[in-house]
> 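One structure coming up, written as structure tokens, with questions to follow.
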Amino acid sequence: MKKVNLNDIRIDGGTQGREVIDQATVYHYLECMKEGDEFPPVLTVFDGATHWLVDGFHRYHAYKLLGIKQLDVNYKPGTQLEAQVMSFGVNGQHGKPRTNEDKRKVVEAASAHELTKSKTDYEIAKICAVSKSFVASIRNPEAKKKQTEAKKKHVVEKAKQIIEEAQNGSQTTISDPAPTTGEGPDEAELMANELALQADQDAMYKLLESDDALKTAHEEIKRLNYLNAQLDIRIHGLMNEKNEAIKLCKKLQKENDKLKGKK
């Protein structure tokens with residue numbers, strides 16, 4: 001680890017694994033830094049002349065906004081190409097969780113990169129810190145499509161079986177084991193519940209359409225639910241504003257206490 005000028009750290013070397021930098025995260029880190037929170041050093045790969053940033057892009061931008069000139073970095077010797085490969089797996093276990101778009105980006109990059117394009121799905125998965133099936137779905141979209149269709153067909157058939165057996169009053173005799181205590185329902189059970197719920201809703205809507213008074217009441221309920229949702233959103237916004245105001249008051253109180261101490 002050593003101190004490096006922030007301006008000497010390059011961020012344009014193809015080592016950014018995310019689709020976009022999340023500005024909310026940058027400003028959150030900035031506020032934490034202002035409050036005195038300490039962050040782990042960023043990670044770079046040093047090729048003898050240039051530090052290529054590999055891990056810590058949100059921190060880097062927060063330091064920029066804070067006006068930091070130098071910072072501690074953990075660095076490893078290597079080339080720009082090696083820095084790119086290292087960046088494919090960044091944030092797999094820490095930092096702001098990656099989106100599926102972020103994961104897709106690094107898998108596609110690794111699949112085309114001269115140092116990794118010849119590797120197997122399993123090896124790419126390890127490098128990018130994703131599952132082998134995720135890699136396979138991107139490198140072979142047609143296989144993924146067939147896999148998804150087969151899985152969907154299996155789930156629908158299993159769900160229909162559950163509904164039929166429930167309607168007949170018999171116990172389920174499906175081949176897959178029932179969930180044990182504490183485990184959630186599987187996909188087929190969720191699908192069965194969804195299909196049953198949809199059937200109930202269809203029956204309700206037919207009843208509403210056949211009676212003007214019920215239809216009017218239903219429209220009024222929908223309107224009130226919409227207003228309630230809008231109020232929930234507004235309340236959530238006010239709570240956020242309140243929390244920000246409390247933080248600002250605490251900060252001003254600290255500054256006031258410091259001024260009193262100097263007197």
> Is it true that the NZ or CZ of K76 lies under 6.0 Å from the centre of F46's six-membered ring and within 45 degrees of the ring axis?
no

> Minimum heavy-atom separation for P41 and M1, please, with both atom names.
CG-SD, 3.5 Å

> Checking N91 against K103: is there a side-chain donor and acceptor pair closer than 3.5 Å?
no

> For the CZ atom on R104, are there more than 12 heavy atoms of other groups (residues, nucleotides or ligands in this structure) within a distance under 6.0 Å?
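No, not enclosed.
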
> Grab the two heavy atoms, one from V85 and one from I127, that are nearest each other, plus how far apart they are.
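Closest approach of V85 to I127: O-CG2, 3.9 Å.
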
> Going through the checks in order, is the side-chain contact (heavy atoms from CB on, under 4.5 Å) test met by L81 and E114?
CA-CA 8 Å; L81 290 177; E114 62 180 276; 3.7 Å; yes

> When rounded to the nearest 0.5 angstrom, what is the spacing between CG in L65 and OH in Y27?
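Reported value, rounded in 0.5 Å steps: 5.0 Å.
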
> Does Q253 offer a backbone N or O that forms a donor-acceptor pair with the side chain of N256 under 3.5 Å?
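Absent.
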
> What are the two closest heavy atoms between C128 and A110, and how far apart are they?
SG-CB, 3.8 Å

> At what distance, to the nearest 0.5 angstrom, does CZ of F134 lie from CD1 of I124?
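It comes to 12.5 Å.
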
> Using only atom types and a distance under 3.5 Å, with no angle test, would you say the side chain of Q16 pairs donor to acceptor with the backbone of R18?
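Yes: the side chain of Q16 pairs with the backbone of R18.
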
> Could you tell me whether a side-chain N or O of D47 sits under 3.5 Å from a main-chain N or O of T50, the two making a donor and an acceptor?
yes

> Yes or no on side chain to side chain donor-acceptor pair (under 3.5 Å) for N7 and K64, after CA distance, side-chain angles and deciding distance?
CA-CA 9 Å; N7 289 335; K64 274 277 189 182; 2.8 Å; yes

> When you group the ILVMFWY residues by side-chain heavy-atom contacts below 4.5 Å and let the links chain together, are L66 and I21 in the same group?
yes

> Between D55 and R59, is there a side-chain N and carboxylate O pair less than 4.0 Å apart?
yes

> On a heavy-atom basis, which atom in F39 and which in D37 lie closest, and how many Å separate them?
CD1-O, 3.7 Å

> Can you tell me if E123 uses its side chain to pair, donor with acceptor, with the backbone of T120 under 3.5 Å?
yes

> Test of understanding: clusters of I, L, V, M, F, W, Y form through side-chain heavy atoms closer than 4.5 Å, transitively. Do V4 and Y63 belong to the same one?
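In one cluster with V4: Y63, yes.
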
> To the nearest 0.5 Å, tell me how far K250 NZ sits from E255 CD.
15.0 Å

> Would you give the length of the straight line joining atom NZ of K251 to atom CD1 of I246, rounded to the nearest 0.5 angstrom?
16.0 Å

> With hydrophobic residues grouped by side-chain heavy-atom distances under 4.5 Å, do L43 and L6 end up in a single group?
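The answer is no; the residues belong to distinct hydrophobic clusters.
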
> If you measure from OG1 on T15 to CG on L53, what distance do you get to the nearest 0.5 Å?
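So the gap between those two atoms works out to 5.5 Å.
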
> Using the benzene-type ring in the case of Trp, are the ring centres of H61 and Y29 under 6.0 Å apart?
no

> Should R98 and E19 count as an ion pair when the cut-off is N to O under 4.0 Å?
no

> For side-chain contact (heavy atoms from CB on, under 4.5 Å), just list the numbers for S111 and R139, CA-CA rounded to whole Å, side-chain angles, deciding distance to a tenth of an Å, and then say yes or no.
CA-CA 7 Å; S111 299; R139 299 180 96 183; 3.4 Å; yes

> Hydrophobic clusters here meaning ILVMFWY residues chained together by side-chain heavy-atom distances under 4.5 Å, can you tell me if Y75 and V45 are in one?
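Different hydrophobic clusters.
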
> Could you tell me the separation between the NZ atom of K96 and the OG1 atom of T25, rounded to the nearest 0.5 Å?
5.0 Å

> Using only atom types and a distance under 3.5 Å, with no angle test, would you say the side chain of Q80 pairs donor to acceptor with the backbone of G13?
yes

> For the residue pair V54 and T44, establish whether any side-chain heavy-atom pair is separated by less than 4.5 Å.
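Counting from C-beta outward, V54 and T44 never come under 4.5 Å.
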
> Answer yes if V73 and W52 sit in the same cluster of Ile, Leu, Val, Met, Phe, Trp and Tyr residues linked by side chain heavy atoms under 4.5 Å apart, and no otherwise.
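Different hydrophobic clusters.
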
> Please confirm whether the backbone N or O of T79 pairs with a side-chain atom of E82, one donor and one acceptor, at under 3.5 Å?
yes

> Determine, for D72 against K2, whether the closest basic-nitrogen to carboxylate-oxygen distance falls under 4.0 angstrom.
no

> Please report the shortest heavy-atom distance between L30 and A62, naming the atom on each side.
CD1-O, 3.7 Å

> What is the minimum heavy-atom distance between H58 and D22, and which atoms define it?
NE2-N, 3.0 Å

> Between K132 and D121, is the closest basic N to carboxylate O distance under 4.0 Å?
no

> Taking the inter-plane angle between the rings of F88 and H113 on a 0 to 90° scale, is it parallel (under 30°), tilted (30 to 60°) or perpendicular (over 60°)?
perpendicular

